[in-house]
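Worksheet: the structure to be examined is printed underneath.
Position 1 is the first residue of the sequence; numbering continues from there.
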Amino acid sequence: MTDRAVAVPPSPPVAPSPPAVRSPTASRAQRRIRPLLKHLLLAGCALLMLYPVLWMVVSSVRPNSEIFRNAGLALTHLRVENYSNGWNAFSQPFSHFLINSLIVVTGAILGNLFACSLAAYAFARLEFRAKRLWFAIMLVTIMLPVHVIIVPQYVLFSQLGWVNTFLPLIVPKFLATDAFFIFLMVQFIRGIPREIDEAARIDGAGHPRIFFHVILPLMVPALATTAIFTFIWTWNDFYTQLIYLTDPDKYTTPLALRAFVDQQSATDWGSVFAMSVVSLAPVFLVFLAGQRFLLRGIATTGGK
């Protein structure tokens, strides 16, 4: 008896199962929930970063006995006298120190705008010997900490008789010592088409006229960014001003705030925080007023 192979008929092909279809309501809900969660996360991070500032503002109207006992933002006792006491705590009103800071900041802004823009135009548009080498040296100075050069600078300014004056804080700005702003303006000028320069040169304009009448008006975002950063950094500068200013009448706002802290007696912390809020207000207002220029100056690379 012989075995016969039985032919097995092939199984019919199995049709693939259709993909799961999401309901329009579920997908629409997900699109709404994700942005909401992102905004809640960002709001929580912003509140976490702003908490020290908010605590300082609340502590500026608290009694001294409650400032360091309460880490929250709830206000139980209101003491507005902290502002008047802090304003008149010294022989000069606190406005005297605000004016000193304003003088230093104004000189620093004018110096950086004038000197850094000229140096940036030279690096971006002029051709001279060892241009790349000097540009590299300029960039290296960005990484040089101020503590390295403060001693020779102090010796130089002391020999010039500039200690205890505003000159060491203002004059170096007119010598293009802030390499960060030079680099910022160089990158901005490189984004401006050279055809604009060539058209002005065909009309008979030289480098001074091209710079002041063509390039400088197009550099408004970069100039505004330089002015805002110079204002914030100079206004909050404590280390350099502490070294060169020794007369209390020449104190700027950071030095005046430091003078509130007395090591020999109890410190009126309510007045300290009150005047800290006053000194922070100009920085906050300048940042709000120039925020759009900051975005344009940093994000853009020149005229289109």
Side-chain angles (χ1 to χ4, degrees), residues 50-68 78-112 146-147 150 153-154 157-158 161-173 177-178 227-290:
L50 289 176
Y51 172 78
V53 179
L54 297 176
W55 183 85
M56 181 184 68
V57 174
V58 173
S59 299
S60 66
V61 290
R62 279 177 175 169
N64 288 331
S65 59
E66 297 183 5
I67 290 179
F68 295 106
L78 184 64
R79 182 178 171 82
V80 188
E81 295 83 4
N82 290 337
Y83 283 86
S84 59
N85 294 338
W87 191 269
N88 301 309
F90 302 100
S91 59
Q92 301 282 353
F94 199 78
S95 59
H96 177 79
F97 308 112
L98 294 175
I99 294 174
N100 288 343
S101 292
L102 186 61
I103 294 173
V104 175
V105 166
T106 303
I109 290 175
L110 294 177
N112 275 342
V146 65
H147 309 85
I150 195 65
Q153 280 186 348
Y154 185 86
F157 293 142
S158 178
W162 288 2
V163 176
N164 200 29
T165 65
F166 296 146
L167 294 177
L169 306 174
I170 297 176
V171 173
K173 305 298 182 180
T177 56
D178 288 336
I228 294 170
F229 275 120
T230 303
F231 181 93
I232 295 174
W233 293 349
T234 307
W235 187 274
N236 295 327
D237 183 20
F238 174 78
Y239 180 73
T240 309
Q241 298 172 7
L242 177 65
I243 290 177
Y244 293 114
L245 301 178
T246 58
D247 187 0
D249 290 336
K250 300 289 181 61
Y251 277 2
T252 55
T253 302
L255 300 183
L257 293 176
R258 175 61 180 83
F260 274 102
V261 182
D262 191 353
Q263 302 295 336
Q264 304 298 328
S265 61
T267 301
D268 188 1
W269 290 106
S271 300
V272 174
F273 291 134
M275 293 302 99
S276 298
V277 173
V278 172
S279 63
L280 185 63
V283 178
F284 183 72
L285 294 176
V286 168
F287 179 79
L288 286 183

With [X], which residues qualify under ring pair (Phe, Tyr, Trp, His ring centres under 6.0 Å), at least two apart?
X	result
Y251	none
F90	F97, F260
Y244	Y154, F157

- Message: Using 30° and 60° as the class boundaries, would you call the ring planes of W55 and F68 parallel, tilted or perpendicular?
- Response: tilted
side-chain hydrogen bond (donor to acceptor under 3.5 Å, both in side chains) with [X]: which residues, sequence neighbours excluded?
X	value
E66	T76, H77
T177	none
T240	D237
D178	N112, K173

Check whether any side-chain heavy atom of [X] lies under 4.5 Å from a side-chain heavy atom of [Y], and answer yes or no.
X	Y	value
R79	N85	yes
L280	V53	yes
F166	V171	no
V104	N100	no

Not counting sequence neighbours, which residues clear side chain to side chain contact (heavy atoms under 4.5 Å, CB included) with [X]? List them please.
X	value
V277	M56, V57, S60, Y83
L285	none
W87	P93, F94, S95, L98, M275, V278
P282	F231, W235

- Specify the closest pair of heavy atoms between L245 and T165, including all atoms of both residues, with the distance to one decimal. CD2-O, 3.4 Å
- Query: What closest approach, in Å, do L167 and P172 show between heavy atoms, and which atom pair accounts for it?
  - Reply: O-CD, 3.6 Å
Euclidean distance, [Y] [atom2] relative to [X] [atom1], rounded to 0.5 Å:
X	Y	atom1	atom2	answer
L255	R258	CG	CZ	10.0 Å
I99	T253	CD1	OG1	10.0 Å
S91	D249	OG	CG	6.0 Å
I170	L110	CD1	CG	9.0 Å
T230	I109	OG1	CD1	6.0 Å

- Task: For the pair R62 and F273, evaluate side-chain contact (heavy atoms from CB on, under 4.5 Å) and give the outcome as yes or no after the intermediate values.
- Result: CA-CA 10 Å; R62 279 177 175 169; F273 291 134; over 6 Å; no
- Could you note down all residue pairs passing side chain to side chain donor-acceptor pair (under 3.5 Å) where residues 270-287 supplies at least one of them, sequence neighbours left out? D268-S271
- Message: Looking at F238, I'd like to know if its CZ atom is crowded, meaning that more than 12 non-hydrogen atoms belonging to other residues, nucleotides or ligands lie closer than 6.0 Å.
- Response: yes
- Query: Has the side chain of Q241 got a donor or acceptor atom that lies under 3.5 Å from a matching backbone atom of T234?
  - Reply: yes
